[in-house]
Asks: 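Can you keep this structure in mind? I'll have questions shortly.
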There are 2 protein chains.
Amino acid sequence: MDDEIVEPGTGGRRWVTSADVAREAGVSRAAVSRAFTPGASVAPETRRRILAAADAVGYRPNAIARSLNTRRSGIIGVVITEIANPFYARLLEALGIALQERGLMPLVSVAPDPEATDELLVRLLSYQVDGVVVASATLSSGIAARCAAARTPIVLVDRRAGEHGREAALVGADNVGGGHLVADLLAAAGHRRHAFLAGIEATSTSTERERGFVSGLAAHGLTLTAREVGRFSYVGGRDAALRLLGRADRPDAVFCANDEMALGLMDAARATFGLRIPQDLSVVGFDDTPSAALASYRLTTVAQDVTELAEAAVTAVQEHTGSVAASARYRLIPCRLVLRESARLPPPPASTLHDPNAMTTAAVPPSGRMPAAG
Amino acid sequence: MDDEIVEPGTGGRRWVTSADVAREAGVSRAAVSRAFTPGASVAPETRRRILAAADAVGYRPNAIARSLNTRRSGIIGVVITEIANPFYARLLEALGIALQERGLMPLVSVAPDPEATDELLVRLLSYQVDGVVVASATLSSGIAARCAAARTPIVLVDRRAGEHGREAALVGADNVGGGHLVADLLAAAGHRRHAFLAGIEATSTSTERERGFVSGLAAHGLTLTAREVGRFSYVGGRDAALRLLGRADRPDAVFCANDEMALGLMDAARATFGLRIPQDLSVVGFDDTPSAALASYRLTTVAQDVTELAEAAVTAVQEHTGSVAASARYRLIPCRLVLRESARLPPPPASTLHDPNAMTTAAVPPSGRMPAAG
DNA sequence: ACGACCTTTGCACACGTGTGCAAAGCTTTC
DNA sequence: GAAAGCTTTGCACACGTGTGCAAAGGTCGT
C-alpha cells in the first residue's frame with residue numbers, strides 16, 4: 001500500500017480508493033463499485049475476490065463521493081436544543097440509535113436558542129442531508145420553502161406547525177391526553193382544589209398540558225382553582241410555590257408542566273409551608289426525568305415514550321426522503337402515568353401496590369384532535 | 001428557476017448548482033466558486049453580482065462536493081455513550097457548540113456499549129470526517145492504525161490511552177487532583193474515618209478519583225477506613241450504604257465516585273440509619289449534576305469543567321487535522337470543589353458563606369502526572 | 001454446433017466543485 | 001503609446017464513485 005505518497009494540494013490526505021482495490025483484484029473500478037452496491041450485477045467469485053482485496057487494502061466506499069452520485073447522503077440533520085435537559089438528552093440518544101439502526105447518521109446542530117434554528121438549517125442543507133428532524137423551534141416560512149425546494153423533508157418534534165404546516169411532518173407527545181390522565185387521577189382521588197403550574201406561556205407543550213388538565217377536570221365537573229407560571233425550572237417551581245401555597249384557597253393538588261418545577265415546588269412546600277406530600281398536597285410532574293425517582297421525591301409524573309417519539313420521527317423522515325413531507329401530517333404518541341408517592345391515589349379497587357419501582361398505568365389512546373395552529 | 005425538472009435516476013432531487021448561478025450572473029462556474037472561496041481572486045463587482053445571483057436562486061455551495069475536492073469535510077465524528085447521563089449530555093452539548101463556533105459539524109454516533117465503538121468509527125471514516133472525538137471507550141489497535149492511515153486524528157475524552165497512545169490525543173479531567181481536593185476538605189474538617197465508594201472497578205475515572213483521595217488522605221497522615229463499589233448508579237449507592245454504614249467503625253465521611261451514587265447513599269443514610277447529613281455523616285460526590293443542587297440533597301461535589309473539556313478536545317482535533325494526533329499528548333483539565341451542605345467544612349477562617357447558590361473553591365492546578373496505562 | 005437468452009464486465013460520462021495554468025484584461029510607469 | 005506588472009477570468013482536469021449501454025462471456029435448448 002503506497003498511500004504514503006502525499007499529493008500536493010490535497011490537504012495532505014489521500015484515501016484508499018476503488019482504484020486501489022481494482023488493481024489488487026484485477027478488475028475495473030466499476031466492478032468494485034458493483035460489489036459494494038446491493039442488487040448490482042457481479043459474479044459471486046468476482047465479488048469474493050473484490051471483497052478480499054478491499055479488506056487487504058483497508059477500503060470502504062467513500063460515502064461522500066457516493067452521495068454526490070446518488071443524491072442520497074445517508075445523513076439526517078438533527079437540530080436540538082438544551083441537550084443537558086433530560087428530555088432532550090433522551091430524545092437525542094433515541095434518535096441517534098434509531099437512525100444508526102437504519103444505516104443513517106445524525107449530523108447534529110445544537111441550537112443555543114430557538115432563533116438559531118434557521119441559520120443552522122441552512123448550514124445543514126449545504127451538507128445535502130436526506131432530511132431534518134427539528135426539536136428546537138418552529139421554522140420560518142423562508143426556510144421551510146427552501147427545504148421543500150431541495151426536497152429535504154422536515155420532521156418537527158413536539159413543535160407546532162404554524163403557517164408552514166404544509167411543508168413539515170409533525171411528531172409529538174399527546175400532551176393534551178397526558179393532562180387528561182392527571183386530571184382523571186386527581187379527581188378520582190378526591191382532590192377539590194386543583195392548580196396548574198405552567199412552564200413558559202408561549203410554548204405549546206405547556207398550553208396543551210394545561211388544556212388537557214382543564215378539560216379533564218371539567219369532565220369531572222371541576223375547575224382550576226389556581227394557576228402560576230414556573231418557567232420550566234426548579235427555581236421557578238420553588239418561587240411559584242410561594243404564590244400558590246400562600247393562597248387562602250390553597251390547592252390540594254398541583255399539576256406541574258414538567259418535573260423540574262414539581263421538584264422545586266415540593267421542596268418549598270416542605271421547607272416553607274411544612275406541608276406533607278402527598279397527605280397535605282399532591283404533586284404531579286411531566287416527563288419522568290431521572291430525578292423523579294429519587295427517594296426524596298418519588299414524584300408521580302407523566303412519561304412520554306421518547307423511544308417511540310424518536311422512532312416515529314425517523315420513520316417520518318425516511319418515508320419522505322427525496323420529497324416533501326406530507327402536509328398537515330401529525331403523529332401523536334400517547335403518554336402514560338407513572339405512579340409513585342407524590343400524589344394521593346383513588347381508593348381501591350382501582351389502586352394497586354406501590355413499590356420502589358414505579359407502577360405505570362396503561363397509556364390512554366391519543367386524544368385524536370389536531371393541535372391548534374401555534 | 002426550473003428545478004422542477006426531475007432527471008431520471010437522480011433520486012428525484014436536483015440541487016441548485018454553481019452552474020445556475022453562473023448563468024444568472026453571466027460568469028463561469030469557476031468565478032462562482034471563487035466568489036465563495038476566502039482568499040480567492042475575484043473582482044469585487046463580479047463578486048457582488050455573483051452573490052446577488054446566488055441569493056436570488058437560493059444557492060449555497062455543496063459542502064459534500066467541496067469536501068471531495070479539498071479532502072476536508074468540515075465534519076467531526078463524535079462517538080459518545082449514554083447521552084441521558086448528565087455528564088455526557090453536557091459534554092455533547094459543549095462539543096456541539098464548540099464545533100459549530102469553528103464552522104465544523106458534529107456527526108454523532110451513539111455507542112450503546114463500549115464494544116460498538118470500533119464499528120461506529122469505521123462508519124464515520126467512510127464519511128471522510130476530519131477527525132473524531134471519542135468519549136465512549138478506548139480503541140482497538142486495528143482501528144487506531146486505520147485512523148492513522150487515513151490521517152484522521154482521534155481525541156479521546158476521559159479515556160486512557162492503552163497501547164495506542166501514539167495515535168490519539170487525550171483530554172480529560174484531572175480526576176486525581178479532584179480526589180485530592182476532597183481529601184483535603186474532609187481532613188481539614190476533622191473527619192476521622194473516611195470511606196470511598198467506587199463506581200465500576202475497571203474504569204479509570206473511578207480508580208483515579210480513588211487514588212487522588214487516598215494519596216490526599218495520606219498527606220494528612222490518614223488512611224481509608226472503608227471502601228465499597230456502587231456501580232455508578234443511584235441504586236448501587238443506596239445498596240452500598242447498607243454495607244458501609246452498618247460497620248462497627250462507621251465512616252464519618254464518604255467520597256463517592258459520582259453524584260448519583262452519593263444521592264442514593266444519602267437517601268439510605270437518612271431513611272435506614274436515621275443519620276443527619278452532614279452532622280453525622282459527610283457525603284461528597286463527583287460531577288456536579290443538576291440533581292446535586294436540589295434542596296433535598298445540596299450535595300457538595302467536584303465539578304469538571306465540561307466546557308473547557310470540550311474546547312480542549314476540539315482544539316486538539318483541529319490542531320491535527322490532516323495528520324496523526326501527537327503521541328502521548330495529554331491535556332488535563334482541573335476540577336473544582338462545589339461546596340454545598342452535605343459535608344462539614346473546616347472551621348473558619350477558611351470557611352466562607354454558604355448560600356443557595358453553591359460556592360466554589362479555586363481549582364487546583366492539574367496534578368501533572370501522566371496517567372498510568374489503562 | 002448454432003442461436004437465443006441471460007449475466008457479467010468495462011468504458012465513459014455524470015454528479016458539483018476547486019484549482020493550475022494560460023489567456024485576457026486592467027493598471028502603472030516611462 | 002508601449003512595455004511591464006498585476007489582477008481577473010475561463011478552460012479543463014481532478015476528486016471518488018454509480019450507472020447506462022454496448023460488448024463480451026456464459027448457459028440452455030434445439
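Chain letters run A, B, ... following the sequence lines, proteins first, then strands; residues in each count from 1. Computed from a predicted model, the values in this text were never measured in an experiment.
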Asks: To the nearest angstrom, how far is L68(B) atom CG from dA14(C) atom P?
Replies: 16 Å

Asks: Taking 4.0 Å as the cut-off, does a side-chain nitrogen or oxygen of Y59(B) come that near to OP1 or OP2 on dT17(C)?
Replies: yes

Asks: With the threshold set at 4.0 Å, does a side-chain nitrogen-carboxylate oxygen contact exist between R90(B) and E82(A)?
Replies: no

Asks: Nearest whole Å is fine: how far is dA14(C) C1' from R71(A) CZ?
Replies: 9 Å

Asks: Round to the nearest Å and state the distance from R48(A) atom CZ to dT8(C) atom C1'.
Replies: 17 Å

Asks: Give the rounded distance in Å between these two atoms: CZ of R72(A) and P of dG16(C).
Replies: 14 Å

Asks: Show every donor-acceptor pair shorter than 3.5 Å between a side-chain atom in residues 120-135 of chain B and any protein atom, with sequence neighbours excluded, or say none if there are none.
Replies:
from: R123(B); atom 1: NH1; to: Q100(A); atom 2: O; distance (Å): 3.3
from: S126(B); atom 1: OG; to: R123(B); atom 2: O; distance (Å): 2.8
from: Y127(B); atom 1: OH; to: S73(A); atom 2: O; distance (Å): 3.0
from: D130(B); atom 1: OD1; to: R13(A); atom 2: NH1; distance (Å): 3.4
from: D130(B); atom 1: OD1; to: S73(B); atom 2: N; distance (Å): 2.9
from: D130(B); atom 1: OD1; to: S73(B); atom 2: OG; distance (Å): 3.4
from: D130(B); atom 1: OD2; to: S73(B); atom 2: N; distance (Å): 3.3
from: D130(B); atom 1: OD2; to: G74(B); atom 2: N; distance (Å): 2.6

Asks: Rounded to whole Å, please give me the gap between CD in Q128(B) and C1' in dG16(D).
Replies: 9 Å

Asks: Among all residues two or more places apart in sequence or in another chain, which pass the salt bridge (Lys or Arg N to Asp or Glu O under 4.0 Å) test with E24(A)?
Replies: none

Asks: How is T37(B) classified with respect to the nucleic acid when contacts are heavy atoms under 4.0 Å: base, sugar-phosphate, or nothing?
Replies: sugar-phosphate

Asks: Under the 3.5 angstrom rule, does the side chain of T321(B) hit a backbone N or O of V317(B) as a donor-acceptor pair?
Replies: yes

Asks: Is E308(A) salt-bridged to R331(A), cutoff N-O under 4.0 Å?
Replies: yes

Asks: Could you tell me the separation between the CG atom of N69(B) and the P atom of dG16(D), rounded to a whole number of Å?
Replies: 10 Å

Asks: If you only use heavy atoms from C-beta on, which nucleotide in dG16(D), dT17(D), dT17(C) is closest to the side chain of S33(B)?
Replies: dT17(C)

Asks: Is there a side-chain contact between S33(A) and T37(A), using heavy atoms and a 4.5 Å cut-off?
Replies: yes

Asks: Please report, rounded to the nearest Å, how far the P atom of dG16(D) is from the OH atom of Y127(B).
Replies: 18 Å

Asks: Look only at the side chain of R49(B) and the backbone of A25(B), and say whether a donor-acceptor pair between them is shorter than 3.5 Å.
Replies: yes

Asks: For a quick check, with a 4.0 angstrom heavy-atom cut-off, what is the B/S/- contact string for nucleotides 5-10 of chain D, read 5' to 3'?
Replies: ---BBB

Asks: Return the value, rounded to whole Å, for the distance between atom CG of N62(A) and atom C1' of dA14(D).
Replies: 14 Å

